[in-house]
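Structure record follows, encoded as structure tokens.
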Amino acid sequence: MDLLARHMILSEGESSEACKIQVMNFFERTSLVRYDNIVIRDVILSARDAKFSEELDRGLKRNQQTLHKFIDELGETGFESRADLVGLNQGYHSKILHIIAHFLDGFIGIDSVFYNLVDDSHWLSAETRDQIDQEPERFNLLYLECYSLTPREAALLHM
């Protein structure tokens with residue numbers, strides 16, 4: 001079985017156990033990624049933990065880096081403006097655009113480093129950040145390792 005992805009997931013719930021269940025239910029329901037095995041690491045970081053904000057910011061930064069990597073890669077194909085959409089080649093070039101769109105619209109993919117289940121987003125809204133500050137006991141970061149027996153079929157969005 002191949003390690004296909006690692007995700008840091010923000011979840012909200014009554015307990016860390018409730019957050020784990022929420023995360024597993026999400027992956028059972030989504031059609032965007034299919035993993036044969038998901039391992040939630042033993043370390044679950046509560047928003048009450050001093051390292052929480054640093055880890056959250058690290059995940060958001062890594063998503064930004066991933067997004068910019070795909071934008072740069074699309075630029076290397078000659079894509080420069082909206083007008084270039086008409087001539088975008090189907091296949092590799094359009095797939096890069098597709099991944100960029102999913103990062104922006106909140107659909108998880110195997111390239112997602114951080115995913116926010118509260119907002120269904122790769123980012124963190126000001127409202128959720130305020131909620132975390134007001135009720136830190138309800139928010140947890142979970143770290144997942146996701147495996148697949150058939151990596152090519154595991155994700156619809158992966159290159």
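For the numbers below, each heavy atom of this structure counts, side chains included, while hydrogens, waters and symmetry mates do not. Residues take their numbers from the sequence shown, with the count starting at 1.
Under the 3.5 Å distance criterion, the side-chain polar atoms of Ser125 are matched with a main-chain donor or acceptor of Thr128. Remark: side-chain polar atoms of Asp84 are not paired, donor with acceptor, to backbone N or O of Val86 under 3.5 angstrom. A donor-acceptor distance shorter than 3.5 angstrom exists from the side chain of Asp49 to the backbone of Lys51, with no hydrogens or angles considered. Remark: side-chain polar atoms of Asn116 are paired, donor with acceptor, to backbone N or O of Trp123 under 3.5 angstrom. Of the possible donor and acceptor atoms, none in the side chain of Thr30 sits under 3.5 Å from a partner among the backbone N and O of Phe27.
For the pair Tyr35 and His7, the minimum side-chain heavy-atom distance is below 4.5 Å. Considering only heavy atoms from C-beta on, Leu144 comes within 4.5 Å of Val23 through its side chain. Side-chain contact between Leu104 and Leu67: present, with at least one pair of heavy atoms (C-beta onward) separated by less than 4.5 Å.
Rounded to the nearest 0.5 Å, atoms CG (Leu124) and CZ (Arg129) are 4.5 Å apart. In this structure, Ser94 OG and His98 NE2 are separated by 9.0 Å, a value rounded to the nearest 0.5 Å. Atom OG of Ser46 and atom CZ of Arg48 lie 4.0 Å apart (nearest 0.5 Å). Going from atom CD1 of Ile96 over to atom CG of Leu88 covers 8.5 Å, rounded to the nearest 0.5 Å. Here CD1 of Ile71 is found 12.0 Å from CD1 of Ile99. Values are rounded to the nearest 0.5 Å. Note that the OH atom of Tyr147 and the CE atom of Met1 stand 9.0 Å from one another [nearest 0.5 Å].
Nearest heavy atom pair, residue Ile100 against residue Leu74, reads CD1-CD2, 3.9 Å. Nearest heavy atom pair, residue Leu4 against residue Ser148, reads CD2-CB, 4.0 Å. Phe26 and Tyr115 make their closest contact through CZ-CE2, 3.8 Å (heavy atoms, listed as atom of the first residue, atom of the second, distance). Closest approach of Asp111 and Phe103 over heavy atoms only: O-CZ, 3.6 Å.
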field: Verdict with reasoning, Met24 to Ile38, per side-chain contact (heavy atoms from CB on, under 4.5 Å)
entry: CA-CA 8 Å; Met24 294 309 288; Ile38 297 174; 4.0 Å; yes

query: Does the pair Gln65 and Lys69 meet the rule for a side-chain contact (heavy atoms from CB on, under 4.5 Å), with working shown?
result: CA-CA 6 Å; Gln65 291 168 338; Lys69 177 189 81 160; over 6 Å; no

- request: Tell me, with the steps shown, if Glu28 and Asn25 meet side-chain contact (heavy atoms from CB on, under 4.5 Å).
  value: CA-CA 5 Å; Glu28 285 176 18; Asn25 286 340; 4.1 Å; yes

Pair Leu85-Phe79, side-chain contact (heavy atoms from CB on, under 4.5 Å): steps then yes or no: CA-CA 8 Å; Leu85 284 170; Phe79 187 94; 3.7 Å; yes

Listed pairs under 3.5 Å, donor-acceptor, residues 56-63 side chains, sequence neighbours left out:
unit_1 : atom_1 : unit_2 : atom_2 : d
Arg58  : NE     : Glu55  : OE2    : 3.2
Arg58  : NH2    : Glu55  : OE1    : 2.9
Asn63  : OD1    : Val113 : N      : 3.0
Asn63  : OD1    : Phe114 : N      : 3.1
Asn63  : ND2    : Phe114 : O      : 2.7
Asn63  : ND2    : His122 : O      : 2.9

Would you list the atom pairs, donor with acceptor, under 3.5 Å between side chains in residues 132-142 and any protein atom, with sequence neighbours excluded?
unit_1 : atom_1 : unit_2 : atom_2 : d
Arg138 : NE     : Glu12  : OE2    : 3.1
Arg138 : NH1    : Glu14  : OE2    : 2.7

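Ser53 meets the side-chain contact (heavy atoms from CB on, under 4.5 Å) test with no other residue; sequence neighbours excluded.
Hydrophobic clustering keeps Ile9 apart from Ile21 (ILVMFWY residues linked when any side-chain heavy atoms are closer than 4.5 Å, directly or through intermediates).
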